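Below is one structure, written out as structure tokens; comments come after it.
Keep in mind that the numbers below use all heavy atoms, side chains included, and drop hydrogens, waters and symmetry copies. Just so you know, these numbers come straight off a predicted model, no measurement behind them.
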Amino acid sequence: MAHTATAHTPLLVLAGCLVIDLALCALLQVPAVWWFYALTVLPSALLLPWLAGRYWRGRRELVRGGWQLAHSLEEQQHLVAERARLTERADIAADMHDSLGHSLTLVALRAGALELSPTLTPQDRDDVAELRRTISDAVEQLRETVAVLRDEPRTRASPAATDTVEELLGRVLASGVPVQWQRNGPLPALSPVIERGVYRVVQEALTNATKHAPGSTVRVSITHDSERTHVRIVNSPPPAGPLPGTVAGNRGLAGLRERVTVLGGTLQTGPYEGGFQVSAILPHHATEKPTPRALPKDTTRPFPTGGTQDTGPEDTATCAVPESARRLAHLRRGIRWRFATVFAAPAVAAVFFLPTAAYLAYQLATSVLPPSRYEELRIGQSRTEIAHLLPPRPFPYPPAHVRFAPRPPGTICEFYRSNGNLLDQVDLYRLCYSGSRLVTKDTLKAGAE
């Protein structure tokens, strides 16, 4: 019973057995007590063990489902830890590219300028050229490392740093890069992430200008209005080509666009009057919009704190209830259904069987003729004289051998039970009448042929 997955087969077997049993009772014309046994004992012997087996099966499924959910939660924790590790790798990669890449580019620029100095000896010039090539190789290796680390988009801004835009521009001027800059509008109270975002925009634009357009003049403009800050960096056409050994790339602007987008701003880049322009618009306070990430099937989607995620109606319904909660609810519903069936099935059976059993017991109890009254009956008395000694009705289910036992010709016989035992065969009294007169009375032993 505990290994049966569906309820249809056991119920069909039970119904078939009951039908066959009742058909045999009707065919063999067994006493009424056997009908009672067929309607009560057989369902109890088959139905109750089946219900107990289903309840035990449901309990095992609940326990097994609990362990499966625990295993799923452990795997999900590993996925969350792995996601956090990858996010940290992306942040490290972005900081390496933004800060270290910028510094190495400035060092390479100064080394290139020093290489052209007329005061250097040929040996010094060769040493400086080797230094510049080494720095260029280091930049390329850094870019390759960033490519390995940044295997997914960034979802949060880097922490604020103590360096300012003014200090950054001072270092660039000291490196020999012609920079013109101005700040327009009153300085608002910017959040730390926005200040860092402005710094990164200026830093990346200057890095690209010194890398791809050496010797060009760079104009930096920062304008503050009531709600947003506009950052614009434009470099003039380079007087000569890029320095030998400088490696071109586009990872910096791609990472910068991700950073600005995360902060709720916009970034535009492209050629401008023969040079290049980087223009960014940032709000005074960040409005972080994390990028949704694809998760493995059958796992929940944890949302970052404070973030929002755009989902359609179907996706919202899916994310509202975790998969583990749906599976646990399904198992609990199955257990509740089986547990209710254990009590409901006997109740339904009782609705059908108890009225029949009660009516049968009523017929048996009201057809009992006590032995003391049977002794008071005399042959030749009329029905009227003995009516007060007889029970309300005769016994309607005498066995076949009793019903067809020899009797005086032309008489009508009635049968009565000798005691009130409902679950056993008892002796029967037979009273035969000729007209309205009692002509014979017999005692027929229980089970005697």
Approximate separation, where rounding is to 0.5 Å, of [X] [atom1] and [Y] [atom2]:
X	Y	atom1	atom2	value
Thr269	Leu253	OG1	CG	5.5 Å
Cys432	Leu438	SG	CG	8.0 Å
Leu190	Leu282	CG	CG	9.0 Å
Arg373	Ile386	CZ	CD1	12.5 Å
Ile233	Ser279	CD1	OG	8.0 Å
Leu390	Leu431	CG	CG	6.5 Å

Close side-chain approach of [X] and [Y], heavy atoms under 4.5 Å:
X	Y	answer
His212	Phe276	no
Arg232	Val278	no
Val231	Val202	yes
Leu364	Arg417	yes
Leu428	Ser418	no
Val234	Val218	no
Leu169	Leu206	yes
Leu168	Thr164	no

Query raised in the report: Yes or no on side chain to side chain contact (heavy atoms under 4.5 Å, CB included) for Leu267 and Thr261, after CA distance, side-chain angles and deciding distance?
Result: CA-CA 8 Å; Leu267 179 71; Thr261 302; over 6 Å; no
Donor-acceptor pair, side chain of [X] and main chain of [Y], under 3.5 angstrom:
X	Y	value
Arg437	Gly380	yes
Glu204	Val201	no
Lys441	Leu377	yes
His284	Arg228	yes
Glu375	Ser372	no

How close do [X] and [Y] get, heavy atom to heavy atom, and via which atoms?
X	Y	answer
Gly435	Arg383	O-NE, 4.3 Å
Pro283	Leu263	CG-O, 3.4 Å
Ile222	Val165	CD1-CG1, 4.1 Å
Leu389	Leu369	O-CD1, 3.4 Å
Pro391	Ser367	CG-C, 4.0 Å

Query raised in the report: Within a radius of less than 6.0 Å around CD of Glu75, do more than 12 heavy atoms belonging to other residues, nucleotides or ligands occur?
Result: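 Yes, because the 6.0 Å sphere around CD of Glu75 holds more than 12 heavy atoms from other groups.
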Query raised in the report: Is a salt bridge present between Arg183 and Glu166, judged by a nitrogen-to-oxygen distance below 4.0 Å?
Result: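 Salt bridge flag = yes for Glu166 with Arg183.
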Requested in this report: May I have the step-by-step check of side chain to side chain donor-acceptor pair (under 3.5 Å) for Arg393 and Thr366, ending in yes or no?
Outcome: CA-CA 6 Å; Arg393 59 183 52 78; Thr366 55; 2.9 Å; yes
**Report entry** Lys/Arg cation over aromatic Phe415: Arg430, 6.0 Å, 45° cone
**Finding:**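 No, Arg430 and Phe415 do not form such a contact.
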Requested in this report: Could you give me the CA-CA distance, side-chain angles and deciding distance for Val368 and Tyr416, then say whether side chain to side chain contact (heavy atoms under 4.5 Å, CB included) is met?
Outcome: CA-CA 6 Å; Val368 176; Tyr416 298 93; over 6 Å; no
Side-chain donor-acceptor pair present, [X], [Y], cut-off under 3.5 Å:
X	Y	value
His285	Ser191	no
Arg378	Gln381	no
Asn184	His224	no

Query raised in the report: For Tyr374, what residues pass the ring-ring contact (aromatic ring centres under 6.0 Å, His included) criterion, not counting sequence neighbours?
Result: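 So Tyr374 forms a ring-ring contact (aromatic ring centres under 6.0 Å, His included) with Tyr429.
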Query raised in the report: Could you go step by step and tell me if Val198 and Glu195 meet the side chain to side chain contact (heavy atoms under 4.5 Å, CB included) rule?
Result: CA-CA 5 Å; Val198 173; Glu195 289 184 356; 5.9 Å; no
